[in-house]
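Start at 1 and go down the list; that is how both ligands and their atoms are numbered. Values below: all heavy atoms of this structure, side chains included; hydrogens, waters and symmetry mates excluded. By convention here, the first residue in the shown sequence is residue 1.
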Amino acid sequence: MFPIKSFQRIAMIDTDTLPTPIWRDELDDEYAELTARLKDQVPCLEWSWHLPWIDAINRLKTQRGAVIMAHSYQSPEIFHGVADITGDSLALAQAAATCDADLIVMCGVHFMAESAKILAPDKRVLIPDLDAGCSLASSITAADVVTLRARHPGVPVVSYANTSAAVKAESDAICTSANAVQVVESMGVDKVIFLPDEFLGRHVASQTSVELVLWDGRCEVHEKFTAQQARHAREQFDAKLVAHPECPPEVLAEADFVGSTTAMGKWLECEKPARVALITECSMADNLRSQFPATQFIKPCNLCPHMQRITLQNIYASLRDLRYEVHVPAGTAAKARAALTRMLQIGRREAV
Ligand code: 13P
Ligand code: SF4
């Protein structure tokens with residue numbers, strides 16, 4: 001008997017008969033709960049534009065048997081409106097590794113879709129815009145990692161998830177901000193090459209005795225925050241400061257809590273501050289706001305231009321036309337999978 005390729009289980013539909021999403025009055029009732037939940041996050045004039053697309057995507061997703069995954073930096077209409085699985089880079093990688101669906105649409109950036117494909121090689125993984133990149137991922141190449149290894153013989157390489165599949169393939173282990181210290185320490189050595197985020201690397205170095213060799217990669221969103229802005233938020237608004245470790249060290253020094261995207265939410269749950277300034281990508285505050293109605297959010301306007309490339313319209317087109325499929329060469333994928341698997345074995349270890 002011939003093995004059934006998983007792609008054949010993706011429901012094929014007659015795309016010519018799909019109606020163009022337009023407003024219907026019944027949408028008001030059908031999406032009343034979602035509308036109420038997002039009333040403070042999405043301007044009401046925009047909502048009547050979004051709702052037909054949300055409805056069309058949800059129908060098409062069911063027809064295709066697809067799962068939509070969305071990073072916490074996706075805008076609220078995507079995060080709350082169409083995603084089945086939401087979370088930080090680690091949560092999305094974990095979900096991809098255990099996903100039942102044969103079709104995954106990754107609403108995030110390219111390295112997240114690549115990780116999903118590497119961890120779920122038999123699935124079809126789509127990203128709605130192939131140009132959704134990341135300044136950290138593009139700061140380093142596989143050849144750079146080879147050069148660094150030659151310069152530091154025998155020193156293992158831990159790479160941040162925000163890297164290309166080719167860089168992951170040259171790495172011994174992958175980490176995210178939710179487990180970076182534990183992954184570094186799991187190497188069991190005194191010295192580790194840590195790539196490519198210099199600021200995350202400095203933050204990790206402050207929490208471990210392992211010596212780190214760093215690279216000068218930066219997140220173009222988080223590097224823009226200043227200590228002065230952080231102090232301003234605290235003094236003007238009497239707000240607690242919660243920062244992502246991709247921020248510059250002088251910003252982290254001002255923060256009440258430093259943690260990954262998921263840890264920030266857990267910290268809010270435990271501490272229940274009256275006011276908080278989230279020093280991270282702007283959509284995060286929008287997405288958390290509906291979970292913590294008793295907390296006032298002072299939100300920054302630093303949006304990730306790469307995350308913003310994903311829209312309801314290109315998610316719809318992605319599901320309709322099964323585009324854009326992410327491929328990783330088999331040899332690269334096998335090596336990268338070994339490094340990603342070490343990360344998954346360690347899992348989420350952040351102290352909140
Ligand atoms: P996490 O999702 O790992 O917190 O990373 C933040 C980020 O910048 C993702 O691109
Ligand atoms: Fe990359 Fe920064 Fe955008 Fe995340 S927020 S995808 S690290 S550029």
Side-chain angles (χ1 to χ4, degrees), residues 69-75 78-79 83 85-96 106-116 127-140 158-164 167-168 174-183 195-201 203-204 215-225 242-248 251-252 255 257-268 278-288 299-310 340 343-344 346-350 352:
M69 301 191 184
H71 188 265
S72 310
Y73 295 174
Q74 290 295 299
S75 42
I78 295 173
F79 187 89
I85 292 166
T86 55
D88 61 7
S89 310
L90 179 60
L92 299 181
Q94 288 169 327
M106 181 59 76
C107 300
V109 292
H110 193 259
F111 75 80
M112 295 173 183
E114 271 189 338
S115 292
I127 184 161
D129 186 329
L130 274 175
D131 289 330
C134 168
S135 65
L136 278 170
S138 57
S139 73
I140 188 159
V158 172
S159 293
Y160 196 26
N162 302 37
T163 45
S164 65
V167 165
K168 288 186 176 78
I174 307 303
C175 69
T176 74
S177 52
N179 58 16
V181 174
Q182 291 77 16
V183 174
L195 308 170
D197 187 346
E198 183 195 343
F199 294 155
L200 174 65
H203 178 65
V204 172
W215 186 253
D216 63 356
R218 305 279 166 84
C219 162
E220 67 187 82
V221 178
H222 291 90
E223 73 168 345
K224 290 199 182 80
F225 290 107
V242 173
H244 194 280
E246 289 170 9
C247 293
V251 173
L252 301 187
F257 177 72
V258 176
S260 77
T261 299
T262 299
M264 288 179 181
K266 289 194 182 147
W267 187 87
L268 291 177
L278 286 189
I279 308 182
T280 187
E281 210 268 355
C282 180
S283 304
M284 246 316 265
D286 282 331
N287 292 330
L288 281 178
K299 70 173 202 164
C301 289
N302 293 14
L303 280 164
C304 172
H306 310 288
M307 292 280 181
Q308 293 298 305
R309 295 189 81 98
I310 310 299
L340 273 164
M343 171 182 86
L344 294 183
I346 288 172
R348 190 176 295 282
R349 293 287 188 88
E350 235 172 343
V352 179

Measure the spacing between CG of Asp216 and OG of Ser139 and express it to the nearest 0.5 Å.
7.0 Å

Exam field: side chain Asn179 to backbone Arg349, donor-acceptor pair closer than 3.5 Å:
no

Answer yes if the side chains of Ser72 and Asn287 hold a donor-acceptor pair under 3.5 Å, and no otherwise.
no

Which protein non-hydrogen atom lies closest to atom 10 (O) of ligand 1, naming both residue and atom, and how far is it?
Asn162 ND2, 3.5 Å

Ignoring hydrogens and geometry beyond distance, is a side-chain donor-acceptor pair present between His244 and Glu281 at under 3.5 Å?
no

With a 3.5 Å distance limit and no angle check, can you tell me whether Gln74 reaches the backbone of Met307 through a side-chain donor-acceptor pair?
yes

Numbering as shown, the atoms of ligand 2 that approach Leu136 to under 4.0 Å (heavy-atom distance):
7 (S)

So, taking the atom named NE2 in His203 and the one named OG in Ser177, what distance separates them when rounded to the nearest 0.5 Å?
8.5 Å

Return the OG to CD distance between Ser89 and Gln94, rounded to the nearest 0.5 Å.
11.0 Å

d(Leu268 CG, Phe257 CZ) to nearest 0.5 Å is 9.0 Å

Close-contact set for ligand 1 against Glu246 heavy atoms, below 4.0 Å:
5 (O), 6 (C), 7 (C), 8 (O)

For Tyr73, the ligand 2 atoms with a heavy-atom partner under 4.0 Å come out as 5 (S)

Which residue and heavy atom of the protein sit nearest atom 3 (Fe) of ligand 2, plus the separation:
Cys304 SG, 2.4 Å

Look at atom 4 (O) of ligand 1 and say which protein heavy atom is nearest, naming residue and atom and giving the distance to 0.1 Å.
Thr261 OG1, 2.6 Å

Any N/O pair Asp88/ligand 1 closer than 3.5 Å:
no

Measure from atom 3 (Fe) of ligand 2 to each N, O or S atom of Cys134 and report whether any distance is below 2.8 Å.
no

Could you measure the distance from the CG atom of Leu278 to the CE atom of Met284? Nearest 0.5 Å is fine.
6.0 Å

Numbering the atoms of ligand 1 from 1, which are under 4.0 Å from a heavy atom of Tyr160?
5 (O)

Could you tell me whether a side-chain N or O of Ser135 sits under 3.5 Å from a main-chain N or O of Arg218, the two making a donor and an acceptor?
yes

Looking only at protein heavy atoms, what sits closest to atom 7 (S) of ligand 2 is Asn162 ND2, 3.2 Å

Sub-4.0 Å heavy-atom contact, Glu281 with ligand 2
no

For ligand 1, which atoms have a heavy atom of Ser177 less than 4.0 angstrom away?
3 (O), 4 (O)

Starting from atom 2 (O) of ligand 1, what is the nearest protein heavy atom, named by residue and atom, and what distance separates them?
His71 NE2, 2.7 Å

Spatial distance of atom CD (Glu114) from atom CE (Met106) [nearest 0.5 Å]:
11.0 Å

My understanding is that we take every heavy atom of each candidate and find the minimum distance to atom 2 (Fe) of ligand 2. Doing that for Ser135, Cys219, Ala161, which one comes out nearest?
Cys219

Atom 3 (O) of ligand 1: which of Cys304, Gly259, Ser89, Gly108 has the nearest heavy atom?
Ser89

Side chain, backbone, both or neither: which applies to Glu281 and ligand 1 if a contact is any heavy-atom pair less than 4.0 Å apart?
neither

Going by the 4.0 angstrom heavy-atom rule, the piece of Thr262 near ligand 1 is neither

Contact between ligand 1 and Met112 is defined here as a heavy atom of the residue under 4.0 Å from a ligand atom; is it met?
yes

Below 3.5 angstrom, do we get any N/O pair linking His244 and ligand 1?
yes

